[in-house]
Amino acid sequence: MNMSKLSGFRELLKAPLKILSQNGKLMAITATVYLILYSISFILYMLSANPFILDLMHRLIALASARPGTPDFSKLLVDIREDTGIFLGIEVAYFVLFFFVALFAQTVVVIIASCYYSGHDLSLKELLLKVSKTWTRPFVTSLWIQLLALGYTSFFLLPFLVPSLVLFDHRIILITVLIFLAIFFILFYIYLSVVWSLAFVVSVVEDRYGYSALEKAKVLVNGKRVHGFLLNFLLNLVTLVIIVTGSKLMKLSPAMPIVVGVIQVLLIGVISMFKSIAYCEFYVQCKNNMTKLGGLEYSRIPTTPVVDEYLP
């Protein structure tokens, strides 16, 4: 990587600090509300789901020792079905809650960050007004991103399944193949997620959403994807360290899962906000790169406030 590319990547990492220095108050309010809601949601999820998980495990163990065809066996099957249904309902409910909490927080962060580049100061009232007029665009784009991620994951289940069946009796070769496939799967997912993450920013600062935002992000990222890849790789690596470390700490005492879980949620929330700010810088870099390459659509970087120009 040459010095200009290295400098561009450093700017992505420095951008959150620069933006916080100018818009610290609004960012602090956003971070506080976001992290409190995220933490409360996680605690409620743990308190709601854990009893059903433990109950389900006990009944599965009892089912293994019960005799098929007996009343006890039939009752256990009915109870397991009920617990599974309730647990899946809890999972879906909290997934939707986490999704919307993250959606609104990331939308707010992108709007605040875009004001930094336009030199426009937003009041809290103006910020809330912008969010209320804008959130549907990133919402639609986020749904597209979730569907693409789900499709990608489903598509790669087959390559994992086939070696497991064919090489079942060759354990060392099977493990080697699965490790290689897992590394490829993760790296290619990070590669694809560069466009997905940039599309979210595009859907906030421009009048685009869904497929249109993804297409625009795909065009913008040409020649700059390596920066986004390195950023995603670094942040995913930090997240992995947090998860692995937390998993080890959770085993220290019965109370640790909730305590460590809340700390993990807070740290991952901070990383999510950092990523949103960094991708605003990445968006600006991509637009500048299009200008240097003589792109027709981005022949000029707007001098008027970004939020005022693109947001309704």
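Values in this document were obtained by computation on a predicted structure and should not be read as measured data. The figures that follow rest on heavy atoms only: side chains count, while hydrogens, waters and symmetry mates do not. For reference, positions follow the sequence shown, starting with 1.
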Q: Flag yes if V92 and L150 sit in one hydrophobic cluster, no otherwise; membership is Ile, Leu, Val, Met, Phe, Trp, Tyr, and two members link when side-chain heavy atoms are under 4.5 Å apart.
A: no
Q: Can you confirm whether K75 sits close enough to V78 that some side-chain heavy atom of one is under 4.5 Å from a side-chain heavy atom of the other?
A: no
Q: More than 12 heavy atoms of other residues, nucleotides or ligands under 6.0 Å from CZ of F229: is that the case?
A: yes
Q: State yes or no: do L267 and V265 share one hydrophobic cluster built from I, L, V, M, F, W and Y residues joined by side-chain heavy-atom distances below 4.5 Å, directly or via other members?
A: yes
Q: Does the side-chain contact (heavy atoms from CB on, under 4.5 Å) test come out yes or no for T134 and Y209, once each step is laid out?
A: CA-CA 10 Å; T134 307; Y209 56 87; over 6 Å; no
Q: Given side chains that start at C-beta, do those of L13 and L234 come closer than 4.5 Å, heavy atoms only?
A: yes
Q: Decide side-chain contact (heavy atoms from CB on, under 4.5 Å) for V110 and F200; before the verdict, give the C-alpha distance in whole Å, the side-chain angles of both, and the deciding distance to 0.1 Å.
A: CA-CA 9 Å; V110 171; F200 186 92; 4.2 Å; yes
Q: Could you tell me the separation between the OH atom of Y279 and the NE2 atom of H227, rounded to the nearest 0.5 Å?
A: 11.5 Å
Q: Report the C-alpha separation of V109 and M27 in whole Å, then their side-chain angles, then the decisive distance to 0.1 Å, and conclude whether the side-chain contact (heavy atoms from CB on, under 4.5 Å) test is met.
A: CA-CA 7 Å; V109 168; M27 281 292 186; 4.0 Å; yes
Q: Go through the side-chain N and O atoms of E206 and Y283 and say whether any donor and acceptor fall under 3.5 Å apart.
A: yes
Q: From L37 CG over to T32 OG1, what is the distance, rounded to the nearest 0.5 angstrom?
A: 10.5 Å
Q: Is the ring centre of F104 less than 6.0 Å from the ring centre of Y34?
A: no
Q: Are any of the side-chain heavy atoms of F42 and Q264 separated by less than 4.5 Å?
A: no
Q: Among L148, L198, I145, N232, whose side-chain contact (heavy atoms from CB on, under 4.5 Å) with S193 holds?
A: N232
Q: Give me the atom names and distance for the closest heavy-atom approach of G210 to T141.
A: N-OG1, 2.9 Å
Q: So do the side chains of F139 and T107 get within less than 4.5 Å of each other, counting heavy atoms only?
A: no
Q: Following the transitive rule for hydrophobic clusters with a side-chain heavy-atom cut-off under 4.5 Å over Ile, Leu, Val, Met, Phe, Trp and Tyr, establish whether L47 and L97 coincide in one cluster.
A: yes
Q: So which heavy atom on A113 is nearest to which on C280, and how close?
A: CB-SG, 3.5 Å
Q: Nearest 0.5 Å, please: how far is CD1 in I111 from OG in S276?
A: 11.5 Å
Q: Show me the donor-acceptor pairs, under 3.5 Å and distance only, between side chains in residues 237-246 and residues at least two apart or in other chains.
A:
{"unit_1": "T239", "atom_1": "OG1", "unit_2": "L235", "atom_2": "O", "d": "2.8"}
{"unit_1": "T245", "atom_1": "OG1", "unit_2": "V241", "atom_2": "O", "d": "2.7"}

Q: Does NZ belonging to K18 count more than 12 external heavy atoms closer than 6.0 Å?
A: yes
Q: Which value, rounded to the nearest 0.5 Å, describes the distance between C286 atom SG and E281 atom CD?
A: 10.0 Å
Q: Centres of the F98 and F95 rings: under 6.0 Å?
A: no
Q: Of all the heavy-atom pairs spanning V194 and G228, show the shortest one and how long it is.
A: CG2-C, 3.5 Å
Q: Measure across P16 and I277 and return the closest heavy-atom pair with its distance rounded to 0.1 Å.
A: CA-CG2, 3.5 Å
Q: Would a single hydrophobic cluster contain both M46 and L266, if residues Ile, Leu, Val, Met, Phe, Trp and Tyr are joined by side-chain heavy-atom contacts under 4.5 Å?
A: yes
Q: Quick one: CG on L26 to CG on L127, what's the gap to the nearest 0.5 Å?
A: 5.5 Å
Q: Taking L147 as the starting point, is it possible to reach F100 by hopping between hydrophobic residues whose side chains are less than 4.5 Å apart?
A: no
Q: Roughly how far apart are E126 CD and L129 CG, rounded to 0.5 Å?
A: 8.0 Å
Q: side-chain contact (heavy atoms from CB on, under 4.5 Å), that's the test. Do F99 and L143 meet it? Break it down for me.
A: CA-CA 10 Å; F99 175 81; L143 290 181; 4.2 Å; yes
Q: Which atom pairs, one a donor and one an acceptor, fall under 3.5 Å between side chains of residues 174-192 and the rest of the protein, sequence neighbours left out?
A:
{"unit_1": "T176", "atom_1": "OG1", "unit_2": "I172", "atom_2": "O", "d": "2.9"}
{"unit_1": "Y191", "atom_1": "OH", "unit_2": "R225", "atom_2": "NE", "d": "3.3"}

Q: For T30 versus A105, what's the shortest heavy-atom pair and its separation?
A: CG2-O, 4.2 Å
Q: Going by heavy atoms in the side chains, are S197 and K275 under 4.5 Å from each other?
A: yes
Q: Of all heavy-atom pairs between V202 and R208, which one has the smallest distance, and what is that distance?
A: CG1-CD, 4.2 Å
